2 protein chains.
Amino acid sequence: MVSIKDIAKKAGVSISTVSYALNGSSKVTDETCARILAIAKELDYTPNAAARTLKKRQTKIIGVFLTDFSGPFYGLLLQGIKEGLDRQGYEVIVCSGEQSHRFLPERMIDGAIVLDAAFSDKELLQHADRGHKIVVLDRELVHPNINQVLLDNKAGATLAAEHALDLGYRKLYVVTGPQASYDANKRLQAVKQVMDRVPDAEYTEIEGNFSKSSGEKAAERILQEYREPSAVLCLNDEMAIGVYNTVMQSEYRIGEHIHIIGFDNIELSAYMTPRLATIDYSKHKWGALAAEQLLKIISGEAVENERIYVTLVPGESIQLNERP
Amino acid sequence: MVSIKDIAKKAGVSISTVSYALNGSSKVTDETCARILAIAKELDYTPNAAARTLKKRQTKIIGVFLTDFSGPFYGLLLQGIKEGLDRQGYEVIVCSGEQSHRFLPERMIDGAIVLDAAFSDKELLQHADRGHKIVVLDRELVHPNINQVLLDNKAGATLAAEHALDLGYRKLYVVTGPQASYDANKRLQAVKQVMDRVPDAEYTEIEGNFSKSSGEKAAERILQEYREPSAVLCLNDEMAIGVYNTVMQSEYRIGEHIHIIGFDNIELSAYMTPRLATIDYSKHKWGALAAEQLLKIISGEAVENERIYVTLVPGESIQLNERP
DNA sequence: TTGTACGCGTTATCAA
DNA sequence: TTGATAACGCGTACAA
């Protein structure tokens with residue numbers, strides 16, 4: 001590998017001169033600078049990131065930590081993050097799995113954006129204590145080095161539940177999410193709150209884990225118990241799609257016997273016929289805001305926690321209860 | 001930050017002893033080793049990746065370069081890559097955009113898996129010339145440091161075209177992909193070859209770019225020209241879905257007037273009603289094989305280029321031509 | 001076990 | 001003002 005030492009030798013100057021020239025410092029004559037750059041190009045020089053990092057103590061890389069690589073809305077979220085960071089010369093890398101957590105303490109990255117329930121609060125706080133900067137998208141953590149950008153789950157779940165009530169349903173099913181999921185818990189809590197306010201409303205919780213197959217399972221039970229048109233609130237769209245699938249294969253029809261509403265408005269949901277009613281929010285904005293907040297805490301600015309607003313997307317998957 | 005120097009001081013030993021102890025070398029007494037580890041834990045020591053990399057000249061990180069973060073089959077592909085690399089102690093990072101290309105020459109990563117037409121052949125060959133190890137999934141490049149793991153596009157497109165012919169269609173539309181896409185070109189070429197072999201078959205090319213919207217545009221033209229049931233070969237599923245959308249909103253019906261077959265078998269295609277006929281292949285295996293090949297070339301083993309096999313997934317989106 | 005050279009770029013200090 | 005010397009960051013591995 002060719003290093004600045006090689007360039008210095010060939011140019012007959014010291015390595016520091018080479019370093020200054022490469023970094024466009026004004027400490028070197030334009031002439032010398034040009035000559036050095038020419039030699040660098042000729043020798044096909046590329047800097048060594050490890051050496052630079054060792055001295056500068058920053059990498060200009062931000063790590064995004066996801067539970068897995070296949071989430072249906074990660075694309076837009078990451079796009080938002082990337083756009084937010086690009087402008088400041090930061091690079092994004094996407095990581096998954098516990099092994100990759102080492103990037104933070106080992107200083108391979110200047111900061112982290114976390115959307116992964118498998119990353120424990122305790123570990124995050126430890127990292128933050130050591131001075132690492134983190135933005136979390138899936139929990140509440142109070143620490144000067146941590147900022148939160150959270151979905152307004154409460155508003156979303158409230159919209160969904162009230163939509164079902166408005167349409168005349170009084171017996172609802174709620175297909176829940178994983179125990180460990182912050183979003184799932186917040187959503188469930190909000191649904192409970194709405195239901196508690198309406199005296200004649202009842203709801204049945206069915207355990208789910210945000211996966212399509214857990215939605216399918218939930219649907220089996222719902223179909224077995226079927227007596228009258230009922231509404232199913234799925235705490236995310238993937239489970240809603242699972243419910244969809246199973247109902248589709250039964251004698252019952254969606255939007256007539258079984259009424260469904262989801263959460264997240266993933267791309268797929270727009271393709272369901274009848275269209276899946278769901279809760280929408282801008283994944284792109286979520287990412288962009290996370291990036292912005294992270295850059296701010298890295299640069300030492302004080303920041304407020306942020307919230308992403310949500311809206312109801314109506315769909316034919318849930319329609320007026322004709323015999324309420 | 002606490003470094004091995006701090007540990008050495010506290011333990012009253014030299015830094016080299018600390019290094020050996022931390023790396024589990026047999027050159028240190030078990031007792032000393034234990035003491036050092038205890039102190040390391042107490043001081044909350046974490047190694048510095050930059051320093052280690054500088055010396056060892058490897059990072060144990062593999063970079064995957066994608067055009068963007070939102071491809072509909074990236075999830076499974078990345079899962080396959082990750083599983084292939086995990087076992088060998090390698091970490092995966094996912095990168096997108098030209099800026100991130102620097103990771104390779106700057107030695108932030110030990111190797112790259114590339115599925116991004118925006119990464120030019122020239123640049124890849126340059127990196128390979130400098131000794132960097134690369135597996136490409138979307139082009140043919142001959143270089144000792146580069147290996148290919150390619151889809152069998154020819155077989156896939158041939159299957160699709162023959163399926164349409166078998167069902168009695170003699171006038172086909174082909175919605176093409178981006179000029180720069182290797183896969184798109186191979187697929188188109190294979191379709192041409194099949195059509196050329198059948199004397200009474202004709203086909204019309206409609207330019208597409210693998211995006212849903214280009215499929216929608218293609219469909220507009222197809223609908224305008226509609227005279228009799230016709231088959232549309234889309235060189236990927238996203239465009240097929242675009243065609244689907246537009247046809248759905250017209251007076252024509254899919255699988256009756258307009259018959260569609262796609263390529264890739266993305267998750268979404270299973271949800272279309274009628275089901276989209278398409279060409280399937282294992283994205284997971286594709287990734288796993290890419291990982292395996294990369295590890296082999298990194299370790300200096302000779303490797304053969306690999307190919308991923310494909311199968312036809314029938315669907316009601318293309319049915320027997322009843323008046324051939 | 002330990003001293004120390006090394007990997008490579010950055011930057012403060014000092015000399016011309 | 002221009003450029004050279006040298007310390008530094010941190011872990012590794014060889015020689016002693």
Side-chain angles (χ1 to χ4, degrees), chain A residues 1-37 39-40 43-61 89 102-110 130-131, chain B residues 1-37 39-40 43-61 89 102-110 130-131:
Chain A
M1 269 300 95
V2 26
S3 74
I4 52 169
K5 203 182 280 183
D6 301 299
I7 301 177
K9 198 175 295 172
K10 183 137 185 173
V13 297
S14 75
I15 56 165
S16 54
T17 305
V18 174
S19 178
Y20 287 131
L22 291 173
N23 290 300
S25 159
S26 58
K27 310 187 87 183
V28 188
T29 332
D30 285 354
E31 192 193 347
T32 326
C33 186
R35 195 160 55 87
I36 289 172
L37 290 178
I39 292 174
L43 294 181
D44 195 22
Y45 167 79
T46 36
N48 178 308
R52 192 198 314 112
T53 301
L54 190 55
K55 185 69 184 182
K56 305 203 33 156
R57 294 154 158 281
Q58 62 157 332
T59 59
K60 286 290 212 172
I61 300 173
R102 68 178 171 92
F103 291 159
L104 203 51
E106 294 188 359
R107 312 194 91 88
M108 290 268 331
I109 53 180
D110 292 348
R130 287 185 192 158
Chain B
M1 269 301 93
V2 25
S3 72
I4 53 169
K5 205 183 277 182
D6 301 299
I7 301 177
K9 198 175 294 172
K10 184 136 185 172
V13 296
S14 74
I15 55 164
S16 46
T17 305
V18 174
S19 178
Y20 287 131
L22 291 173
N23 291 300
S25 159
S26 57
K27 310 185 94 180
V28 189
T29 331
D30 285 356
E31 192 193 348
T32 329
C33 185
R35 195 159 54 89
I36 289 172
L37 289 177
I39 293 174
L43 294 181
D44 195 21
Y45 165 81
T46 35
N48 178 308
R52 191 197 318 109
T53 300
L54 190 54
K55 185 69 185 178
K56 304 203 35 155
R57 294 154 158 282
Q58 62 157 332
T59 59
K60 285 291 210 172
I61 301 173
R102 69 178 170 91
F103 290 159
L104 203 52
E106 294 188 359
R107 311 194 92 86
M108 290 269 330
I109 54 180
D110 292 348
R130 287 184 191 158

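Worth saying up front: this structure is predicted, and the values here are computed from it rather than measured. Order of the sequence lines fixes the chain letters, A, B, ..., with proteins taken first and strands second; residue numbering starts at 1 for each chain.
- A straight line from NZ of B/K5 to C1' of D/dG11 spans 11 Å, rounded to a whole angstrom.
- For A/R57, the side-chain atoms get nearest to D/dG9 when compared with the rest of D/dT12, D/dG9, C/dT1.
- Along DNA chain C, the nucleotide nearest B/V28 and the nucleotide nearest B/A50 are compared for position; the residue whose nucleotide lies closer to the 5' end is B/V28.
- A donor-acceptor distance shorter than 3.5 angstrom exists from the side chain of B/T59 to the backbone of B/M108, with no hydrogens or angles considered.
- Atom CD1 in B/I7 sits about 17 Å away from atom C1' in C/dT1, given to the nearest Å.
- Both B/R52 and B/G12 sit near DNA chain C, but only B/G12 has its closest nucleotide nearer the 5' end.
- Between B/Y20 and B/P47, the residue anchored nearer the 5' end of DNA chain D, judged by the nucleotide with its closest heavy atom, is B/P47.
- Remark: the B/S16 side chain and the C/dG3 base include a donor-acceptor N/O pair separated by less than 3.5 Å.
- Residue A/K55 places a side-chain atom within donor-acceptor reach of the base of D/dC8, judged by atom type and a 3.5 Å distance cut-off alone.
- At the heavy-atom level, B/S19 lies under 4.0 Å from base atoms of the strands shown.
- Taking only side-chain nitrogens and oxygens, A/N23 comes nearer than 4.0 Å to OP1 or OP2 of C/dT10.
- The backbone N or O of A/K5 lies less than 3.5 Å from a partner atom in the side chain of A/S3, making a donor-acceptor pair.
- Atom P of nucleotide C/dC8 and atom CD of B/E106 are separated by 14 Å, given to the nearest angstrom.
- Residue B/Y45 forms a side chain to side chain contact (heavy atoms under 4.5 Å, CB included) with just one option from B/L37, B/I4, B/I39, and that option is B/I4.
- OP1 or OP2 of D/dG3 has at least one side-chain nitrogen or oxygen of A/T29 nearer than 4.0 Å.
- The side chain of B/S14 has C/dG3 as its nearest neighbour among C/dG3, D/dG9, D/dA6.
- More than 12 heavy atoms of other residues, nucleotides or ligands shown are found within 6.0 angstrom of NZ on B/K60.
- Residue A/T17 places none of its side-chain N or O atoms closer than 4.0 Å to OP1 or OP2 of D/dG3.
- Regarding A/I15, its CD1 atom lies at a distance of 10 Å from the P atom of D/dT5, rounded to whole Å.
- In this structure, the CG atom of B/L43 is 16 Å from the C1' atom of D/dC10, given to the nearest Å.
- Put simply, NZ on B/K27 is 12 Å from P on C/dT2, counting in whole angstrom units.
- Straight-line distance from the CG atom of A/N48 to the P atom of D/dG9: 18 Å, rounded to whole Å.
- At least one donor-acceptor pair under 3.5 Å links the side chain of A/R35 to the backbone N or O of A/A11.
- Atom CG of A/L54 is separated from atom C1' of D/dG11 by 9 Å (rounded to the nearest Å).
- Applying the 3.5 Å distance criterion, the base of C/dT1 shares no donor-acceptor pair with the side chain of B/T32.
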